[in-house]
Amino acid sequence: MKLEKNELRVAVFIIIPTAILFLFIILKLGYSLASSTIDVYLKVDSISSIKKGTQVKIKGYPIGRVVEITPVYKPALHFLAVLRIQKDINLFEDCSAIIQNQNIIGDPVIELRNPEKKGELLSNGSVIEGLEHVNLEVILQDVHLLLTTVTDTIGLIKDISLESKGNLRNLVSNLASSAATFSSMLQSSQKDILAILTSFRETAKTMNDISEELKRHPIKFLFKKDKGE
Amino acid sequence: MNAQDSNILIALIRKILDVWGGFRDFFRFSSSIFSSFQSFKHLRFRSIYTIAINQTRFTGIDALPLIISIALLLGGTVIIQATKNFPKFGIEGFIGNLLVLIIARELGPLATAMIVVSRSGSAIAAEIATQKQNKELHALEVMGVNTILFIVFPRIMGSILAIFSLIIIFDIVAFFGGYIISLSTVFIPIDIFIESLLDSFSFEDLVITLMKSIIYGILIPLIASYYGFKPQSDFQIPIYVSRAVVRTLLILFVINAFISALFYF
């Protein structure tokens, strides 16, 4: 009985890995014999522009649709859109996916573009990265925001220039009055200056006489007493 | 050349001759198993089958908890290192490659073989040595049973089956353990992960893994049995058991490097 149990356990132990091995071989073989479409993943930051059923095109030719959009929370919130595209279209790894509007009010479409340098073919489960996200609504919002900012800036410059104009006028009038005041000051002090200069000249003459007298009779000059003393 | 140098040279030559003699002895022992297949018809299938089943159970099923734990830890370590040291954006594109490269090609078979050597290799060597010292082998020979065939052959069969299953289980547990651990830092859809694994794991890898499981399955019990038959007294049993484990590990590393160089270099 114990032996039978052992045999059963050993059989399960060998059969399960062998079955997994066969499953792997079948998957590996079946992988190349897959259906006519392949599923590739597209990373997008926002799903405002695409939805389930959004067309996938290459050079304007429709090759598939978005079949599922799943949110991914790690490392940061983004979305994986599953693109089911025809297998017979040769798309290469590093191809870019551009979300664009067909016209101003048209539905968005995902335009796939092959890279310049063709590497390996895009396989089932591949992820398309480096998505160039072109959204008309967002562009209009951005343009509106830009125009608002420009208007504000112009208004600010206008205010500054108006304020500056008044200030300049005040400055010029202040300068004119300062010049007039300085001129009148100069005119009023002109007579006094002449009198001061005349007084300086007379003082200098007197000093000159004293020095002459001192040179000629120094003792007499120093010890001479007035007649009245 | 002075006396000391000549002594070293003599010791070196003696060592080389010892190693060479050991290899010759081992090949003689291995060839004796093949030559003993002539007496296979005299053995009862049921007895060999029972030993093989017991050996598979001991080497494979009983080692499962250890194998699963180590596989989870190794897979997790590889993924933690990958998500830590590689950019997270686009990691899903190469995580399958990384796991196949490290786990499936190298670590899986080698770690499994190391566990089998440390558990079953030592057990086989110790069991045969004890049977020899207790004259059980002698009793079998007296009954006309070819002991080498009766003891070694079913253990080789059991080990091949066990190692084959263990390597597959190890790889799968390491892959999905690594995947589960990776979810804590970066999100990878399961179908992308499986696709990536399938893309990375080639048929060549599969053939090499099967080849390794067969080679390890033959070598581990063969070397362990060889050293199990060696002890001449009770106190020599631990010496030869230890020697069996160490030398089997050494040979496994050499063979693993040789196979990797042969197929991937």
Side-chain angles (χ1 to χ4, degrees), chain A residues 2-32 34 38-43 45 67-82 93-94 119-131, chain B residues 46 49-50 52-64 83 87-94 96 104 158 160-173 175 182-203 205-206 209-210 213:
Chain A
K2 194 183 174 187
L3 193 64
E4 284 174 3
K5 192 184 168 188
N6 258 353
E7 283 173 345
L8 191 70
R9 287 170 68 193
V10 168
V12 170
F13 174 70
I14 293 165
I15 287 168
I16 289 175
T18 311
I20 292 168
L21 191 71
F22 275 108
L23 183 71
F24 167 77
I25 293 168
I26 288 165
L27 278 173
K28 194 76 184 163
L29 290 171
Y31 176 66
S32 58
I38 56 166
D39 286 354
V40 294
Y41 292 83
L42 177 69
K43 276 186 177 175
D45 286 334
V67 290
E68 199 181 343
I69 298 168
T70 47
V72 180
Y73 301 100
K74 288 171 186 172
L77 178 65
H78 61 280
F79 301 90
L80 278 182
V82 182
E93 281 183 353
D94 299 328
E120 284 188 28
L121 281 172
L122 208 63
S123 58
N124 199 24
S126 298
V127 179
I128 302 174
E129 293 169 8
L131 175 71
Chain B
R46 189 75 199 174
Y49 171 76
T50 309
I53 289 287
N54 282 333
Q55 187 63 48
T56 311
R57 180 191 56 75
F58 177 73
T59 306
I61 299 169
D62 293 355
L64 269 179
T83 50
K88 287 185 177 59
F89 198 72
I91 195 169
E92 63 272 11
F94 66 85
I160 290 172
L161 290 173
I163 291 174
F164 160 75
S165 299
L166 284 178
I167 288 176
I168 292 173
I169 291 168
F170 186 98
D171 286 355
I172 289 164
V173 171
F175 290 157
S182 74
L183 285 180
S184 61
T185 51
V186 63
F187 175 79
I188 303 166
I190 184 78
D191 47 347
I192 291 183
F193 179 73
I194 292 172
E195 286 288 345
S196 169
L197 276 180
L198 283 171
D199 280 350
S200 313
F201 207 97
S202 62
F203 280 111
D205 293 325
L206 188 71
T209 304
L210 290 176
S213 72

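So you know, we letter chains A, B, ... as the sequences are listed, proteins then strands, and number each from 1.
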Identify the two heavy atoms, one from A/F13 and one from B/S165, that lie closest to each other, and give their separation to 0.1 Å.
O-OG, 3.4 Å
On a heavy-atom basis, the closest approach of B/R57 and A/N6 is CD-OD1, 2.7 Å
Measuring from A/L21:CG to B/I168:CD1, what's the distance to the nearest 0.5 Å?
4.5 Å
In terms of heavy-atom proximity below 4.5 Å to chain B, should A/I14 be classed as side chain, backbone, both, or neither?
both
So what's closer than 4.5 Å to chain A heavy atoms on [X]: side chain, backbone, both or neither?
| X | value |
| --- | --- |
| B/F164 | side chain |
| B/L183 | backbone |
| B/L64 | side chain |

Check each of B/D171, B/I172, B/I169 against A/I20 using the side-chain contact (heavy atoms from CB on, under 4.5 Å) test, and report the only one that passes.
B/I172
Considering only heavy atoms and a distance below 4.5 Å, find which of B/T56, B/L210, B/L206 pairs most often with chain A.
B/L206
Please tell me if the side chains of B/D62 and A/R9 come closer than 4.5 Å, counting only heavy atoms from C-beta onward.
yes
